[in-house]
A.B. asks: 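Below is a structure I'd like to ask you about.
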Amino acid sequence: MSNEVRVRFAPSPTGYLHLGSLRTALFNYLFARHHGGKFILRIEDTDQSRKVEGAVENLVNILNEMGLNYDEGPGAGGKFGPYFQSERLEIYKKYCDELLAGGHAYYAFETAEELDEMRKVQQMQGRQTMYDRRARNLSENEVKEKLTSGNPYVIRLKVPLDEEIRFTDIIRGNVKIETNLIDDQVLLKSDGYPTYHLANVIDDHLMGITHIIRGEEWLTSVPKHILLYRAFGWEVPQMAHVPLILNPDKTKLSKRQGDVSTEDFLKKGYLKEALLNFMALLGWNPGDGEEREIFTKDELIKLFSIERVNSAGAVFNIEKLNWMNGEYIKNYDIDELTGLILPYLNAGGIDTSDIAKTKRVVYAVRNYISRLDEAAEHAKIYYSKLSLNEEQKDIITSETSKKVFALLYSKIGQLTEITAENFKPLLNEVQKETGVKGKNLFMPVRLALTGEEHGPELGLIAYVFGKQEVLKKLEEVL
RNA sequence: GGCGCAUUGGUGUAAUUGGUUAACACGCCGCCCUCUCAAGGCGGAAAGUACGGGUUCGAUCCCCGUAUGCGCUACCA
């Protein structure tokens, strides 16, 4: 199947998954699944100075946790490995030699200091800072001499002059850039590692990548890549550069203005389904007059098309994420939701050993929260000892309150079990028989049960406590 | 500075490949429900599509310019 879609997510392992990367991964994933193709994870670890311990493991874990499972890559195997660029050094060297032989690249021997100096001078003269291509004109003998005497070197791309590179981006349409403005980019660093530009082109080709879906920050380096494809005589994959995710002030989403890692959001109690759903809609929509906003992963896969990705950056609107997360919480399977909320309740000091009660608590609390980490605060009323202020004490010790409690107590005693439905009629009966109604009826009961003036409807509260506990609470105030 | 990309209410987006009272959602405001707080239901304010020119009988939609924002401009990705 030679025209199978193959896409890749190719992050550098920084130690956490940035939300922007999450969305790039998601778009790649949706695109692959939509077309029945392959989704590949490749680790771009060519910068030795930015190595982070455990970063790859973390990345793999979070992708799996988010349900963005890949078909090829670390831990998943595949016929196009290794999937770590740091393990493909000989490959890059080999192709680099090919470029050298074909006159598409050349050796350069400047030190970092020399290059800094060059840039400084250019800056002072108010000129554009870029490599002045000085090593292009080294003679064969000069090169040979420096090489044999062990001078450190890099290999640079020999950018053809006075040309215009044009390409078509699926999201942005036609783009053109003059080659004179393109740096003779370093392809192979002096430590023997490739730069992004070289590695990415070689790997994408060798791994049979058909579509490159990546962040907008790469758009301007596409011409360099095209030059490389051309030098190798390879076909250029289709490209789609997705817009950036922005802070509320429209700058690139950054740590400075709040959490940006997927892990942080999960920790705060955002459901992965909600996060995925929300991220998908940031810069993309199904179009066609579709007005739904809540989509399962399968629906997203079905609807997704890369052409419908927007070209402008999108502000990360956390208010809307909160709403969407709340929607998911309200509609989640109660057993699964209980499992998810458990750690947050425990962290809030709540004893969850009575799992049946915990489940009822979750059922009652879900309407009040938009994040899982808010659950404990709302659940407290179902576990705390009664503590009332003077005014509240006056309410529950009033004569009418006592009457209400006594009658309610006997009526509950006749029930086999309290449900959210059968408690309300009980109160109606109490109202009729005692003549106490409205706030005078409900508030004492509410206070007696929870010690709070606010909370869910009484039927729900009584259901959460269950018959025995409600009776016990009433005994305390009688 | 140079180059590239972008621009529909506060935010995310829509608008049968030019003809709509410019639609939906979040947020905000109000009302209803109600013992309370949420949820829910109903309604409202909020953009004349960055600005200026074209093309056209007619532009959110096509073209040009300006402004603004962002990105890139490393032996980082």
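As the structure is a prediction and not an experimental result, all values here were calculated from the model. Computed from heavy atoms alone, side chains included, the values below leave out hydrogens, waters and symmetry copies. Every chain is numbered from 1 and lettered A, B, ... according to where its sequence line falls, protein lines coming before strand lines.
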A.B. asks: Is the glycosidic angle of B/G40 within 90° of 0, making it syn, or outside that range, making it anti?
C.D. replies: anti
A.B. asks: Students often mix this up, so state it plainly: with edges at 30° and 60°, are the rings of A/Tyr106 and A/Tyr131 parallel, tilted or perpendicular?
C.D. replies: parallel
A.B. asks: Taking any heavy-atom pair under 4.0 Å as a contact, classify A/Glu457: base, sugar-phosphate, or nothing.
C.D. replies: base
A.B. asks: Considering every strand and a 4.0 Å limit on heavy-atom distances, what is the contact class for A/Asn174: base, sugar-phosphate, or nothing?
C.D. replies: sugar-phosphate
A.B. asks: Which part of the nucleic acid, if any, lies within contact of A/Gly455, taking any heavy atom under 4.0 Å across all strands shown: a base, the sugar-phosphate backbone alone, or nothing?
C.D. replies: base
A.B. asks: Among side-chain atoms of A/Tyr328 and A/Asn277, is any donor-acceptor pair under 3.5 angstrom?
C.D. replies: yes
A.B. asks: Can you find an N or O donor on one side and an acceptor on the other, under 3.5 Å apart, linking the side chain of A/Arg172 with the base of B/C5?
C.D. replies: no
A.B. asks: Nearest to the A/Gln128 side chain among B/G2, B/G27, B/C35, which nucleotide is it?
C.D. replies: B/G2
A.B. asks: Is the ring centre of A/Phe442 under 5.5 Å from the base ring centre of B/C35, and are the two planes under 30° apart, so that they stack?
C.D. replies: yes
A.B. asks: Any residue in residues 422-431 of chain A with a heavy atom nearer than 4.0 angstrom to RNA chain B? Just list them by number, or reply none.
C.D. replies: none
A.B. asks: What nucleotide, of B/A38, B/G12, B/C35, holds the atom closest to the side chain of A/Leu458?
C.D. replies: B/C35
A.B. asks: Can you name the ring-ring contact (aromatic ring centres under 6.0 Å, His included) partners of A/Tyr107, sequence neighbours left out?
C.D. replies: A/Tyr153
A.B. asks: Using a distance-only test with no angle check, is there a side-chain donor-acceptor pair under 3.5 angstrom linking A/Glu44 and A/Tyr196?
C.D. replies: no
A.B. asks: Considering every strand and a 4.0 Å limit on heavy-atom distances, what is the contact class for A/Glu327: base, sugar-phosphate, or nothing?
C.D. replies: sugar-phosphate
A.B. asks: Mind checking if A/Gly215 touches a base, just sugar-phosphate, or nothing, with heavy atoms under 4.0 Å?
C.D. replies: nothing
A.B. asks: Nucleotides 61-70 of chain B: which of its N/O atoms have a protein N/O under 3.5 Å away?
C.D. replies:
none

A.B. asks: Just checking, any donor-acceptor pair under 3.5 angstrom between side chains of A/Arg214 and A/His241?
C.D. replies: yes
A.B. asks: At their closest point, which heavy atom of A/Gly15 faces which heavy atom of A/Ala55, and how far apart are they?
C.D. replies: N-CB, 3.6 Å
A.B. asks: Where do A/Leu17 and A/Phe9 come nearest, in terms of heavy atoms and distance?
C.D. replies: CD1-CZ, 4.0 Å
A.B. asks: Could you list all N or O pairs between the protein and nucleotides 74-77 of chain B that sit under 3.5 Å apart?
C.D. replies:
residue	atom	partner	partner atom	Å
B/C75	OP1	A/Arg119	NH2	3.0
B/C75	OP2	A/Arg156	NH2	3.3
B/C75	O2	A/Ser190	N	2.8
B/C75	O2	A/Ser190	OG	2.7
B/C75	N3	A/Ser190	OG	3.0
B/C75	N4	A/Glu110	O	2.8
B/C76	OP2	A/Lys189	NZ	3.0
B/C76	O2'	A/Asp47	OD2	2.8
B/C76	O2'	A/Arg50	NH2	3.3
B/C76	O2	A/Arg50	NH1	3.4
B/C76	O2	A/Arg50	NH2	3.3
B/A77	OP1	A/Thr46	OG1	2.7
B/A77	OP1	A/Lys189	NZ	2.7
B/A77	OP2	A/Tyr196	N	3.1
B/A77	O3'	A/Glu44	OE1	3.3
B/A77	O2'	A/Ser12	OG	3.0

A.B. asks: Given the ring of A/Tyr332, does A/Arg366 sit roughly above its face, with NZ or CZ under 6.0 Å from the centre of the six-membered ring and within 45° of the axis?
C.D. replies: no
A.B. asks: Would one find more than 12 heavy atoms of other residues, nucleotides or ligands at under 6.0 Å from atom CD of A/Glu391?
C.D. replies: no
A.B. asks: Counting the atoms with a prime plus P, OP1 and OP2 as sugar-phosphate, which does A/Asn310 contact under 4.0 Å by heavy atoms, base, sugar-phosphate, or nothing?
C.D. replies: sugar-phosphate
A.B. asks: Dot-bracket for RNA chain B, 5' to 3', with Watson-Crick and G-U pairs under 3.5 Å, [ ] for crossing pairs and | for other-strand pairs: what is it?
C.D. replies: (((((((..((((.....[...)))).(((((.......))))).....(((((..]....))))))))))))....
A.B. asks: Please tell me which of the listed nucleotides, B/C24, B/G2, B/C5, lies nearest to the side chain of A/Leu219?
C.D. replies: B/C5
A.B. asks: How would you list, by chain and number, every residue that makes a side chain to side chain contact (heavy atoms under 4.5 Å, CB included) with A/Pro444, sequence neighbours excluded?
C.D. replies: A/Ile395, A/Ser401, A/Phe405
